[in-house]
There are 2 protein chains.
Amino acid sequence: MRLLIIEDDKYLSDSICETVKELFEPEQAFDGEEGLFLAEQNIFDVIILDIMLPSMNGYEVLQNLRKQNITTPVIMLTAKDGIDDKIQGFKVGADDYLVKPFHREELLLRLEAMVRRSGGLLKENVITFKELKLNIKNKTAEIQGEILKLNGKQFDLLEYLINNKNAILTKEQIFDRIWGFESDTSMTVVEVYASNLRKNLKKYGYDHYIKTFRGLGYMLTDNGE
Amino acid sequence: MRLLIIEDDKYLSDSICETVKELFEPEQAFDGEEGLFLAEQNIFDVIILDIMLPSMNGYEVLQNLRKQNITTPVIMLTAKDGIDDKIQGFKVGADDYLVKPFHREELLLRLEAMVRRSGGLLKENVITFKELKLNIKNKTAEIQGEILKLNGKQFDLLEYLINNKNAILTKEQIFDRIWGFESDTSMTVVEVYASNLRKNLKKYGYDHYIKTFRGLGYMLTDNGE
DNA sequence: TTTTTTTAAGGTTGATTTAAGGTTGACCCT
DNA sequence: AGGGTCAACCTTAAATCAACCTTAAAAAAA
């Protein structure tokens, strides 16, 4: 679970990081433009967005995102308490709202509720797909009783696929998520890893479940065909 | 959209009804047990739940519901302002929280955000024409229960036609939309794709619905002949 | 060293485009 | 009305092209 914090108050931002680090991998942006740029990568599970920001305010960031059909859940954060702000925030597409100062526990709970609502699961130690079990913590995979050896990025890919089963993931998304959007390696690595992953799953007949959609991306699916 | 309001203050309950009646069909319950009974029917899209209630408090109602795997989104409502209440509410599975007194507009916006999150969005990912369903996200088509395989541009064409059913689309429009107006391929591809699409729909008797208007363009229509 | 990651190259598949010949229907002429 | 002509459209199949797969070797990391 990746969380983007767009907040110019470094002290507050760090403190949020600290608060959530059990459940999320946080990333920080300290002004509006930087935040928008990062959010546009569309690789985060939740975004915490302050309203008063240098270079571009929170509303603009959010509006911009929604215009691009990026639907990552957003929690707006502000010192202002007026209802007008709340209304504006929701109109632009925020999913929740938190008034500073807030209790850490409340933030955590709202984050959880948010992620739960949007179908995601909080960081679990074990995720499964049919008879395939991934232990996120030790990065081990088990299938039909046997232990399956997967190296780092292959594991990450499989994890990402399982967490988004029955949804198409574009090569861009996969690349941005696993290699990082600023990585300068070529996007064809994704194909190579898809290939390797399939090879490893073939033994168990699970390679079929990774479907490629030409021009669109990949999907892990369990509904037959 | 059906909304259940579980709130013992009749005046407040009525006033909520009034506020939301544009967007929801509200139903009222005035104590915990009645509310639980109604909620158990699992026919509502959202529930507004007060905490202080006769016969059974809001936490118990919610806990009970979740235990039965009823996941209707719930907004908790209370006069208490302490963080402890919020925590308890979220722990039991509330999806949002509102402190009395609240602005009507805020309630409305939270309701909208809630519904949007819990599948309101999903509906926009699917468009239909008679028994034909297109899932825009997965780019899959389903007709009369069967899955229909369409390649990229065929799918795009069908999507465009469905979104403009009962309106004539010129070949230029179709071409510009799907191939891009700067494309240097010949406009006759549109005919080829119309042909292929019809061939694929023929099996289900849906080819007739794509009518060509000589000199004008194509139209997808569902009113007979 | 051993393992993992990245690059490079050639092969495969299937979508897209072109081309060619066949239909259809509008319009004109006698 | 009937027949001829033509342009628009349909259909098919072959040619082309881009996306993707696979493999193996090179580079980097452990």
Side-chain angles (χ1 to χ4, degrees), chain A residues 138-141 147-161 168-203 206-220 225, chain B residues 139-141 148-161 168-203 206-220 225:
Chain A
N138 353 324
K139 301 269 186 190
T140 56
I147 280 175
L148 179 58
K149 195 133 181 18
L150 294 176
N151 61 30
K153 288 201 162 48
Q154 262 183 67
F155 186 92
D156 294 342
L157 173 56
L158 184 53
E159 177 186 349
Y160 191 35
L161 285 171
I168 293 179
L169 297 172
T170 68
K171 269 196 286 200
E172 280 78 12
Q173 285 178 302
I174 294 172
F175 184 78
D176 290 350
R177 170 86 181 204
I178 295 178
W179 279 265
F181 61 93
E182 49 199 337
S183 159
D184 54 357
T185 84
S186 125
M187 286 252 303
T188 61
V189 279
V190 177
E191 292 163 18
V192 173
Y193 271 83
S195 173
N196 291 335
L197 185 54
R198 278 183 177 135
K199 205 197 299 183
N200 282 320
L201 294 176
K202 190 156 208 166
K203 195 176 153 191
Y206 269 53
D207 53 332
H208 303 299
Y209 296 121
I210 302 177
K211 298 227 160 59
T212 118
F213 290 75
R214 235 165 207 256
L216 298 171
Y218 297 88
M219 178 165 102
L220 181 73
E225 172 233 335
Chain B
K139 302 273 185 186
T140 56
L148 180 59
K149 197 135 182 15
L150 294 177
N151 61 29
K153 288 202 164 48
Q154 262 182 66
F155 185 93
D156 295 342
L157 173 57
L158 184 53
E159 178 186 349
Y160 191 34
L161 285 171
I168 292 180
L169 296 171
T170 69
K171 268 197 284 198
E172 279 78 12
Q173 284 178 301
I174 294 172
F175 184 79
D176 289 351
R177 166 87 179 212
I178 295 178
W179 279 264
F181 59 93
E182 35 175 13
S183 160
D184 54 358
T185 85
S186 123
M187 286 251 303
T188 62
V189 278
V190 178
E191 293 163 16
V192 173
Y193 271 82
S195 172
N196 291 335
L197 185 54
R198 279 181 176 137
K199 204 199 298 184
N200 281 319
L201 293 176
K202 190 156 207 165
K203 196 176 153 192
Y206 270 52
D207 53 332
H208 303 301
Y209 296 121
I210 302 177
K211 298 227 159 60
T212 118
F213 290 77
R214 229 162 213 259
L216 298 171
Y218 298 88
M219 177 165 102
L220 181 73
E225 280 333 274

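Proteins get letters first, then strands, A, B, ... in listed order; numbering begins at 1 in each.
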Completion exercise
For nucleotides 12-24 of chain C, 5' to 3', base contacts (B), sugar-phosphate-only contacts (S) and non-contacts (-) with protein non-hydrogen atoms under 4.0 Å give -BBSSBBB----B
To the nearest 0.5 Å, what is the distance between [atom1] ([X]) and [atom2] ([Y])?
| X | Y | atom1 | atom2 | result |
| --- | --- | --- | --- | --- |
| A:Thr170 | A:Arg177 | OG1 | CZ | 12.5 Å |
| B:Lys139 | A:Ile168 | NZ | CD1 | 8.5 Å |
| B:Thr188 | B:Lys171 | OG1 | NZ | 8.0 Å |
| A:Asn196 | A:Leu157 | CG | CG | 10.0 Å |

Using whole Å, report how far [atom1] of [X] lies from [atom2] of [N].
| X | N | atom1 | atom2 | value |
| --- | --- | --- | --- | --- |
| A:Asn200 | C:dT5 | CG | C1' | 15 Å |
| B:Glu191 | D:dC10 | CD | P | 6 Å |
| B:Leu197 | D:dC9 | CG | P | 17 Å |
| A:Asp207 | D:dC21 | CG | P | 12 Å |
| A:Lys202 | D:dT23 | NZ | C1' | 14 Å |
| B:Met187 | D:dA7 | CE | C1' | 14 Å |
| B:Ile174 | D:dC10 | CD1 | P | 10 Å |

Exercise for the section: With heavy atoms under 4.0 Å as the rule, sort B:Tyr218 into base, sugar-phosphate or nothing. Expected result: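 Sugar-phosphate only.
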Exercise for the section: Evaluate the side-chain proximity of B:Thr185 to B:Phe175: yes if any heavy-atom separation is below 4.5 Å, no if none is. Expected result: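 SC-SC contact between B:Phe175 and B:Thr185 confirmed.
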Using OP1 and OP2 only, check whether a side-chain N or O of [X] sits under 4.0 Å from [N].
| X | N | result |
| --- | --- | --- |
| B:Lys171 | D:dC9 | yes |
| B:Lys199 | D:dT12 | yes |
| B:Thr212 | D:dC9 | no |
| B:Ser195 | D:dC10 | no |

Practice task
Evaluate the side-chain contact (heavy atoms from CB on, under 4.5 Å) criterion for residues B:Val190 and B:Ile178: first the C-alpha distance (whole Å), next the side-chain angles of each, then the deciding distance (0.1 Å), finally the verdict.
Solution key: CA-CA 9 Å; B:Val190 178; B:Ile178 295 178; over 6 Å; no
Completion exercise
By side chain to side chain contact (heavy atoms under 4.5 Å, CB included), B:Arg198 pairs with (sequence neighbours left out) B:Asp207, B:Ile210, B:Thr212, B:Tyr218
